[in-house]
Amino acid sequence: MEIQNEEKFIKGVESLINPMEVSDLLFFQKLKGLLPSPVMKRLLLRASKKTPYIGFVIDPYSLFLFFRLSDIEYAKSLLPDRYELSKTRLFTDDEPDYYMGIGNLNTRASTFWGTRQEAYLIATDKNTGLLSFIFLDILSNTIIALPKKGIADPNCKRAIFTISSKGGVFLDIEEKKTNRRLSLNGSIKRGKTRKLDQRLWLMGNTSIGHCKRFADGDDIPFSVIFDPAEVIEALDIPPEDIHITENTLFPGLAHPEISSAICFPFAQHYIADSPGCYTSLKDRNGLVSKYNEIANYEVFKTFSARTIVKQLLIGIAVSALITVLLILIL
């Protein structure tokens, strides 16, 4: 089975991203504290049922760093019971090993826009048998979706990630609350194109889960739907070309030396499951079939900034009404 209507899918995803709507959401996000967290989460899940997808784009030159795990038992303790820590290949001709990954992205979506740093473990979903990326951490200068909180505030005091015209890499991301930080510089100029392991990069992206800290009870994974061509190959950057100046993200979990640095020098277009939704995909054909189905939609409609703002306004209005009624009764 092959991809159809690639142009329509890409234009559809791009058309979902409205900078003005995202800016409105960032404004209303500051009012979120007026709502009890369970109420906000319930409103978002209700909205997800009506619009079960989110469109987003990862801009060119996303950079993924992988470190071999040094404390396997520590890593296992971070996973919900649903998952089993697993060895994986990164490229097709690698020897499998246990890794922690750190993805550094400039991304824009129908619900957020900014820089994100995502830390992962790689595990097997015991319910489906799929290799899975498991979020350990998300640092960002824009809003973050999490199972327990629904929508979380930006959490960085700085979030800088860019690549220069000379191929220079500049990254400095620091969490506001804890001062945990990853800072580095380097170059992607000597990167060579290599084939990626499809069990991880293709099917792993259809099974994305959360560590115990983020999971809400029995973790429900989510899928992203995309053209498999976007993860067939990437640039293999010599690890010695990336120079870490500070890394205090997860002391003791992994070896400090970069094992592999992988760069995608093109934009990647995705449709992801909305919070609480899960598109079950068993293989490549299932992914391509869902891609073609979405590409053929007459109208692309997804979970958007407008959806969340609407829920915020409803929740605030309900809270205000309850407050007024209590004052009148008392």
Side-chain angles (χ1 to χ4, degrees), residues 26 29-30 32-33 37 58-59 61-80 83 85 90 98-107 109 112-123 132-163 168-186 208-216 219 237 239 241-263:
L26 294 175
Q29 173 71 4
K30 296 182 183 298
K32 180 174 63 67
S37 182
I58 295 177
D59 285 332
Y61 298 103
S62 57
L63 181 66
F64 292 79
L65 308 175
F66 289 88
F67 303 79
R68 288 188 172 87
L69 292 179
S70 57
D71 192 333
I72 302 300
E73 293 307 311
Y74 176 26
K76 289 179 178 178
S77 73
L78 301 174
L79 298 173
Y83 303 105
L85 190 69
L90 302 175
Y98 293 108
Y99 292 103
M100 177 184 71
I102 298 177
N104 303 284
L105 327 164
N106 288 314
T107 183
F112 58 82
W113 193 307
T115 298
R116 282 167 63 96
Q117 183 177 88
E118 305 170 345
Y120 327 93
L121 289 175
I122 297 163
S132 308
F133 285 101
I134 309 298
F135 281 124
L136 280 182
D137 202 8
I138 302 172
L139 300 182
S140 183
N141 59 6
T142 188
I143 61 172
I144 304 164
L146 294 173
K148 276 190 175 180
K149 294 184 177 181
I151 302 297
D153 293 329
N155 57 6
C156 287
K157 65 169 60 175
R158 72 173 61 84
I160 300 166
F161 172 52
T162 192
I163 294 181
V169 179
F170 304 97
L171 185 146
D172 190 0
I173 297 179
E174 183 175 359
E175 187 174 30
K176 186 184 302 182
K177 186 176 180 179
T178 66
N179 296 322
R180 293 185 309 129
R181 182 184 184 194
L182 177 62
S183 178
L184 59 81
N185 58 66
I208 301 170
H210 303 86
C211 67
K212 286 179 180 176
R213 182 165 65 96
F214 291 155
D216 188 13
D219 184 50
I237 311 300
D241 289 358
I242 305 294
H243 312 291
I244 293 176
T245 54
E246 184 176 343
N247 183 3
T248 54
L249 296 181
F250 290 95
L253 179 59
H255 294 285
E257 303 83 11
I258 298 172
S259 176
S260 187
I262 298 171
C263 179

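Both backbone and side-chain heavy atoms feed into the values below; hydrogens, waters and symmetry mates do not.
- Counting heavy atoms from C-beta on, the side chains of Cys156 and Lys176 never come closer than 4.5 Å.
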Could you please spell out the steps behind the side chain to side chain contact (heavy atoms under 4.5 Å, CB included) verdict for Ile134 and Leu78?
CA-CA 10 Å; Ile134 309 298; Leu78 301 174; over 6 Å; no

Phe135 vs Tyr120, ring-ring contact (aromatic ring centres under 6.0 Å, His included): CA-CA, chis, key distance, verdict
CA-CA 5 Å; Phe135 281 124; Tyr120 327 93; 5.8 Å; yes

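- For the pair Lys177/Asn155, no side-chain contact is recorded, criterion being any heavy-atom separation below 4.5 Å from C-beta on.
- Applying the side chain to side chain donor-acceptor pair (under 3.5 Å) criterion to Asn185, with sequence neighbours excluded, gives no partner residue.
- In this structure, Arg116 contributes its side chain and Ile138 its backbone to no donor-acceptor pair below 3.5 Å.
- Taking every heavy atom of both residues into account, Phe67 and Pro256 meet most closely at CE2-O, 3.5 Å.
- Applying the side chain to side chain donor-acceptor pair (under 3.5 Å) test to Asp71 and every residue at least two apart in sequence or in another chain returns nothing.
- More than 12 heavy atoms of other residues, nucleotides or ligands sit less than 6.0 Å from atom CZ of Phe66.
- Asn104 approaches Phe161 most closely through the heavy-atom pair O-CE2, 3.2 Å.
- Residues Asn141 and Thr115 come closest through the heavy atom pair OD1-N, 2.8 Å.
- A donor-acceptor pair under 3.5 Å links the side-chain atoms of Asn247 to the main chain of Leu249, judged by distance alone.
- Partner of Arg181 under the side-chain contact (heavy atoms from CB on, under 4.5 Å) criterion, out of Leu139, Ile173, Asp172: Asp172 alone.
- Between the side chain of Asn106 and the main chain of Thr162, no donor-acceptor pair closer than 3.5 Å is present.
- Identified under the side-chain hydrogen bond (donor to acceptor under 3.5 Å, both in side chains) test for residues 248-259, with sequence neighbours left out: Arg68-Ser259.
- Under the rule for a side chain to side chain donor-acceptor pair (under 3.5 Å), the partners of Asp241 that lie at least two apart in sequence or sit in another chain are Arg190.
- By the side chain to side chain donor-acceptor pair (under 3.5 Å) test, Thr245 pairs with Ser183, sequence neighbours left out.
- Residues that satisfy the salt bridge (Lys or Arg N to Asp or Glu O under 4.0 Å) test with Arg180, not counting sequence neighbours, are Asp137, Glu175.
- In this structure, Phe214 and His210 have perpendicular ring planes: the angle between them is above 60°, well past the 30° mark.
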